[in-house]
Visitor: 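Once you've had a glance at the structure underneath, I'll fire off some questions.
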Amino acid sequence: MKSDNVKCGTQQAPHRSLFNALGFTEEERKRPMIGIVSSYNEIVPGHMNLDKIVEAVKMGVAMAGGMPVVFPAIAVCDGIAMGHIGMKYSLVTRDLIADSTECMAIAHQFDGLVMVPNCDKNVPGLLMAAARVNIPTIFVSGGPMLAGHVKGQKRSLSSMFEAVGAVAADKMTMEELCEFEEKVCPTCGSCSGMYTANSMNCLTEALGMGLRGNGTIPAVYSERIRLAKHAGMQIVELVNKNIRPRDIMTKDAFLNALTTDMALGCSTNSMLHLPAIANEAGVELNLDIANELSAKTPNLCHLAPAGPTYMEDLNEAGGVYAVLKELTKKNLLNLDVMTVTGKTMGENIKNAVNLNPEVIRPVENPYSTTGGIAVLKGNLAPDGSVVKRSAVVPEMLEHTGPARVFDCEEDAISAIKGGKIVAGDVVVIRYEGPKGGPGMREMLNPTSAIAGMGLGASVALITDGRFSGASRGASIGHVSPEAALGGLIAFVKEGDMIHIDINNNLIELLVDDAELEKRKVGFVPKETDIKSGYLLRYRELVTSAAKGAVLKVPGKN
């Protein structure tokens, strides 16, 4: 066992004395040492129940003959961080989580790992760590929140942000806003729509790194505790069989995950995270592949914010496995890939059944014949940009309008709430990219304000930043190259016409080349106000959103 390096032999007598200090017995030291990476904290609603999940995992590990040892990972609540400087510190934690987990896993020579994440950056950060460290690993998340109920309708966090926009437009009273505030987030768990956290937890199943139900069993269900115990038991089997993350996270597994992404209509953030995870696994996954898969993958689900169904509904309909089973009808998946069950994906989903064709559309009756995410290219985004096509109303799939240009999110929000944005406009928010932010903030506040003010069917938003999974409408993010690197988005002027054609994957600035060349003369990017700390180091190392905003590695990228 790998842990013998710190447990066995004369040279390890000092190490054993430290295990004695920790209260571990000789009997425990003879077992595989399993690190349980706990993302528990008391600031993220999706993480407040992880102490119970961790205890269940510990019990499962012990029942199967392992030695469970818990250590922590940090987590940021994107909702609480939204709309201010705190959002600059969200995406950047993905790398901190991966790096710190690598340090702990290798420093202490664990034989296997159980990752217990839940929210937006923890899942991809820990998947990156799993691929990098490459010792047997399994994932069990904290589970999604139940939907809220307001006036007889299911609601979620995106409803809350849009309600703020409705108040600004005098379409909702403060009393009604307070009712939303009290009711839309009723339980612990990751927010209840197909937002980034739930997207990544579902894709963890599709990758083969989590057991059935990892992405969909609600946080408050006792079934989630049982799942955690089974994950704890299963990691010991993975250690005994030496099944490692890179045996599971192969090129075919990533293509399965990306195909599932298209079918589910996941968050656009998945187009940052999947390439970053693949990069750690030694697999190339670029944006061009997304459109190839989208062209042949039907969109089967319209979960909030794209539609009126929620994670609890997906769970009752059969969960991720039922979606995967539908996709097999068109031979869209590689079923021979290995998974953490110790079986192939084909064996896992053999008996899966779609229990609700209204929640999971059959492949014969999809919401659309193409996938839920589209990558747009053109002179404005030669390296690509990303939109959640399944959450765009039909009348905005093609749109041409005048640019309304802002150099930061705050200025755009002021203009939107001040009534300065009108039907037909294309809001451009720049200098919010990985380097320009730095940190690539999510733009949920402006997209929600646009929707809440009744402009979702007539106004587009384009940014080199990114969007929350809770954003809907013609919200086009990840514009690459970003403004800070001299991308064309830096040279857009107020009133320039922008053409968007989502069906044909096109985004164009309708300004002639001669004029653009004049604008580029003497270009100096906007200076960042970040002068110290982690964000400054991140700014120097981060790559383009088109590459997953991974950090530069000397001699590699």
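All of these numbers come straight from a predicted model, not from anything done at the bench.
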Visitor: Does a salt bridge link Lys435 with Glu540, judged by any charged N lying under 4.0 Å from a carboxylate O?
Guide: no
Visitor: Does the distance from a Lys or Arg side-chain N to an Asp or Glu carboxylate O, for Glu517 and Lys520, drop under 4.0 Å?
Guide: yes
Visitor: Please find the pair of heavy atoms, one from Tyr40 and one from His47, that lie closest to each other, and give the distance.
Guide: CD1-O, 3.3 Å
Visitor: When you check the side-chain N and O atoms of His499 and Thr400, is any donor under 3.5 Å from an acceptor?
Guide: yes
Visitor: Please determine which of Thr463, Asn269, Thr447 meets the side chain to side chain donor-acceptor pair (under 3.5 Å) test together with Glu442.
Guide: Asn269
Visitor: Are the aromatic rings of Tyr534 and Tyr89 close, with centres under 6.0 Å apart?
Guide: no
Visitor: Please walk me through it: do Thr543 and Lys552 pass side chain to side chain donor-acceptor pair (under 3.5 Å)?
Guide: CA-CA 6 Å; Thr543 61; Lys552 294 177 183 175; over 6 Å; no
Visitor: For Arg155 and Ser192, does a side-chain donor sit closer than 3.5 Å to a side-chain acceptor?
Guide: no
Visitor: Taking all non-hydrogen atoms of both residues, which atom of Asn291 and which atom of Val375 are closest, and how far apart?
Guide: ND2-O, 2.8 Å
Visitor: Salt bridge check: are Lys154 and Asp313 linked by an N-O gap of less than 4.0 Å?
Guide: yes
Visitor: If you measure from CE on Met128 to CG on Asn279, what distance do you get to the nearest 0.5 Å?
Guide: 7.5 Å
Visitor: Answer yes if the side chains of Ser480 and Asp383 hold a donor-acceptor pair under 3.5 Å, and no otherwise.
Guide: no
Visitor: Report yes or no: do Ser475 and Lys388 form a side-chain donor-acceptor pair below 3.5 Å?
Guide: no
Visitor: Ignoring hydrogens, what is the shortest heavy-atom contact between Cys408 and Glu432? Give both atom names and the distance.
Guide: CA-OE2, 3.6 Å
Visitor: Checking Arg430 against Glu482 for the salt bridge (charged side-chain N to carboxylate O under 4.0 Å, His left out) test, could you report, in this order, the C-alpha distance in whole Å, the side-chain angles of both residues, the deciding distance, and whether it holds?
Guide: CA-CA 8 Å; Arg430 61 194 180 194; Glu482 61 175 292; over 6 Å; no
Visitor: Classify the side-chain pair Ser158/Tyr195 by whether it contains a donor and acceptor separated by less than 3.5 Å.
Guide: yes
Visitor: Would you say Glu398 and Asn504 are linked by a side-chain donor-acceptor pair, where the criterion is simply a distance under 3.5 Å?
Guide: no
Visitor: Between Asp496 and Arg404, does at least one N-O distance fall below 4.0 Å, as a salt bridge requires?
Guide: no
Visitor: For the pair Ser141 (side chain) and Pro117 (backbone), establish whether a donor and an acceptor sit closer than 3.5 Å, ignoring hydrogens and angles.
Guide: no
Visitor: Answer yes or no: is there an ion pair linking Arg441 with Glu410, defined by an N-O contact shorter than 4.0 Å?
Guide: yes
Visitor: Would you compute the distance between atom CE of Met200 and atom CG of Leu274 and round it to the nearest 0.5 angstrom?
Guide: 5.0 Å
Visitor: Which heavy-atom pair separates Met194 from Leu303 by the least distance, and what is that distance?
Guide: CB-CB, 3.8 Å
Visitor: Would you say the side-chain atoms of Ser448 and Arg472 include a donor-acceptor pair closer than 3.5 Å?
Guide: no
Visitor: So which atom in Ile373 and which in Ser294 form the shortest heavy-atom distance, rounded to 0.1 Å?
Guide: O-OG, 3.4 Å
Visitor: Determine, for Tyr367 and Arg361, whether the Lys NZ or Arg CZ falls below 6.0 Å from the six-membered ring centre while staying within 45 degrees of the axis.
Guide: yes
Visitor: Please find the pair of heavy atoms, one from Pro45 and one from Ile43, that lie closest to each other, and give the distance.
Guide: CD-O, 3.7 Å
Visitor: Is it true that Ser190 and Asn198 share a donor-acceptor pair across their side chains at a distance under 3.5 Å?
Guide: yes
